Amino acid sequence: ELKVEQNPLFLSMQEGKNYTIYCNYSTTSDRLYWYRQDPGKSLESLFVLLSNGAVKQEGRLMASLDTKARLSTLHITAAVHDLSATYFCAVENTDKLIFGTGTRLQVFP
Amino acid sequence: NAGVTQTPKFQVLKTGQSMTLQCAQDMNHNSMYWYRQDPGMGLRLIYYSASEGTTDKGEVPNGYNVSRLNKREFSLRLESAAPSQTSVYFCASSEAQANQPQHFGDGTRLSIL
């Protein structure tokens with residue numbers, strides 16, 4: 001059974017600082033997705049990572065995938081308040097997505 | 001630019017009542033999904049439909065039924081609601097190719113008393 005773990009579960013960080021969210025999964029998969037969810041809202045797709053070594057960047061966020069280590073990271077550079085949200089990773093397994101429990105990010109001045 | 005549309009947005013039911021949650025997508029996607037989201041547990045797949053006419057169980061199917069009415073619509077039914085089914089329900093759709101993200105609706109907030 002595929003399990004997906006994220007850490008930390010909660011992250012409070014100061015504006016301008018850098019930090020990394022980790023997503024570990026338990027069985028082989030070559031496809032991993034990152035989503036963002038604002039409170040009370042739907043999920044928005046951020047990144048699609050399709051192969052070992054994949055790296056994608058959008059603004060202050062950069063995601064990477066290491067399929068051998070079964071690890072994906074979401075790196076936040078120089079955080080701003082607008083990045084406050086919950087971030088989910090999701091691993092594809094036989095056409096289904098298994099989601100992590102999410103990392104709630106709070107950025108304060 | 002509707003994407004995935006869910007109705008209703010909010011609903012309160014009494015234990016034992018039945019209800020159908022509706023979902024429609026206008027992106028011509030083959031695959032559709034129903035998830036529930038509970039605090040601290042992320043999203044869990046209830047049922048999915050890889051194409052019109054097919055449905056399969058996900059992680060937590062007990063207490064639910066689904067119907068893929070046509071390519072656009074995928075409904076979720078609670079036959080006899082229980083308080084444990086209080087949750088936020090999300091519908092999603094995606095292209096058949098495996099390298100496309102799922103697109104989510106705005107969710108249905110369901111409370112069962």
Side-chain angles (χ1 to χ4, degrees), chain A residues 1-10 21-52 54 56 58 63 65 67 72 74 85-104, chain B residues 1-7 9-10 21 23 25 27 29-51 54-61 66 87-111:
Chain A
E1 180 187 349
L2 174 60
K3 293 191 184 299
V4 181
E5 294 183 349
Q6 284 182 242
N7 68 82
L9 298 182
F10 182 76
I21 298 170
Y22 297 88
C23 175
N24 292 88
Y25 54 98
S26 61
T27 63
T28 302
S29 176
D30 288 336
R31 300 180 183 94
L32 190 139
Y33 304 78
W34 282 96
Y35 288 88
R36 167 182 171 145
Q37 185 180 36
D38 292 300
K41 302 294 185 181
S42 184
L43 280 79
E44 172 191 356
S45 175
L46 293 174
F47 300 109
V48 179
L49 303 169
L50 298 175
S51 60
N52 186 42
K56 292 203 174 175
E58 180 75 31
L65 177 61
T67 58
S72 179
L74 181 66
T86 299
Y87 294 85
F88 292 94
C89 65
V91 178
E92 187 166 318
N93 180 279
T94 58
D95 298 328
K96 302 185 293 291
L97 289 185
I98 306 298
F99 281 80
T101 50
T103 296
R104 185 178 168 195
Chain B
N1 228 21
V4 179
T5 302
Q6 291 183 235
T7 55
K9 294 190 186 303
F10 303 92
L21 279 61
C23 175
Q25 53 92 8
M27 295 173 282
H29 287 165
N30 284 310
S31 300
M32 297 186 73
Y33 310 83
W34 276 106
Y35 295 90
R36 61 179 288 174
Q37 184 176 30
D38 301 297
M41 297 190 72
L43 277 78
R44 292 181 292 168
L45 183 65
I46 305 171
Y47 271 93
Y48 69 104
S49 171
S51 62
T54 68
T55 60
D56 286 287
K57 295 179 180 179
E59 299 172 74
V60 288
V66 290
S87 189
V88 181
Y89 291 84
F90 285 98
C91 176
S93 70
S94 68
E95 292 282 356
Q97 299 95 319
N99 60 348
Q100 298 297 316
Q102 293 182 12
H103 298 263
F104 285 81
D106 289 338
T108 294
R109 284 149 184 80
L110 182 62
S111 293

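Just so it is clear: chains get the letters A, B, ... in the order the sequence lines come, proteins before strands, and each one is counted from 1. All values reported here derive from a predicted model rather than from experimental measurement.
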> What are the two closest non-hydrogen atoms of A:Phe99 and B:Leu43, and how far apart are they?
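What the structure gives for the nearest pair is CB-O, 3.6 Å.
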> Kindly give the heavy-atom pair with the smallest separation between A:Lys41 and B:Phe90, and that separation in Å.
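Closest heavy-atom pair between A:Lys41 and B:Phe90: O-CZ, 3.8 Å.
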> Does B:Gln102 offer a backbone N or O that forms a donor-acceptor pair with the side chain of A:Tyr33 under 3.5 Å?
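Side chain of A:Tyr33 to backbone of B:Gln102: no pair is present.
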> Would you confirm whether A:Ser42, through its side chain, and B:Gly105, through its main-chain N or O, come within 3.5 Å as a donor-acceptor pair?
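Flag set: sc A:Ser42 to bb B:Gly105 pair under 3.5 Å.
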> Please step through side chain to side chain contact (heavy atoms under 4.5 Å, CB included) for the pair B:Tyr35 and A:Leu97, ending with a clear verdict.
CA-CA 10 Å; B:Tyr35 295 90; A:Leu97 289 185; 3.8 Å; yes
> Go through the atoms of A:Glu44 and report whether side chain, backbone, both or neither lie under 4.5 Å from a heavy atom of chain B.
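For A:Glu44, no heavy atom lies under 4.5 Å from chain B.
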> Testing the basics here: between A:Phe88 and B:Gly42, what is the closest heavy-atom pair and its distance to 0.1 Å?
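For A:Phe88 and B:Gly42, the tightest heavy-atom pair comes out as CE2-CA, 3.7 Å.
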> Hey, does B:Pro101 have a side-chain heavy atom less than 4.5 Å from the side chain of A:Phe47?
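A side-chain contact under 4.5 Å is absent here.
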> Where the side chain of B:Arg109 meets the backbone of A:Gly40, is there a donor-acceptor pair that is under 3.5 Å apart?
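Yes, because the side chain of B:Arg109 sits within donor-acceptor range (under 3.5 Å) of the backbone of A:Gly40.
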> With the side chain counted from C-beta on, respond yes when B:His103 and A:Leu43 share a heavy-atom pair under 4.5 Å apart, and no when they do not.
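SC-SC contact between B:His103 and A:Leu43 ruled out.
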> Going from CG on A:Leu50 to CD on B:Gln100, what distance comes out if it is rounded to the nearest 0.5 angstrom?
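One finds 8.5 Å between CG of A:Leu50 and CD of B:Gln100.
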> With rounding to the nearest 0.5 Å, note down the distance linking CG in B:Leu45 to CG in A:Asn93.
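If we round to the nearest 0.5 Å, B:Leu45:CG and A:Asn93:CG are 11.0 Å apart.
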> Closest heavy-atom contact between B:Tyr48 and A:Lys96?
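Result for this residue pair: CE2-CD, 3.2 Å.
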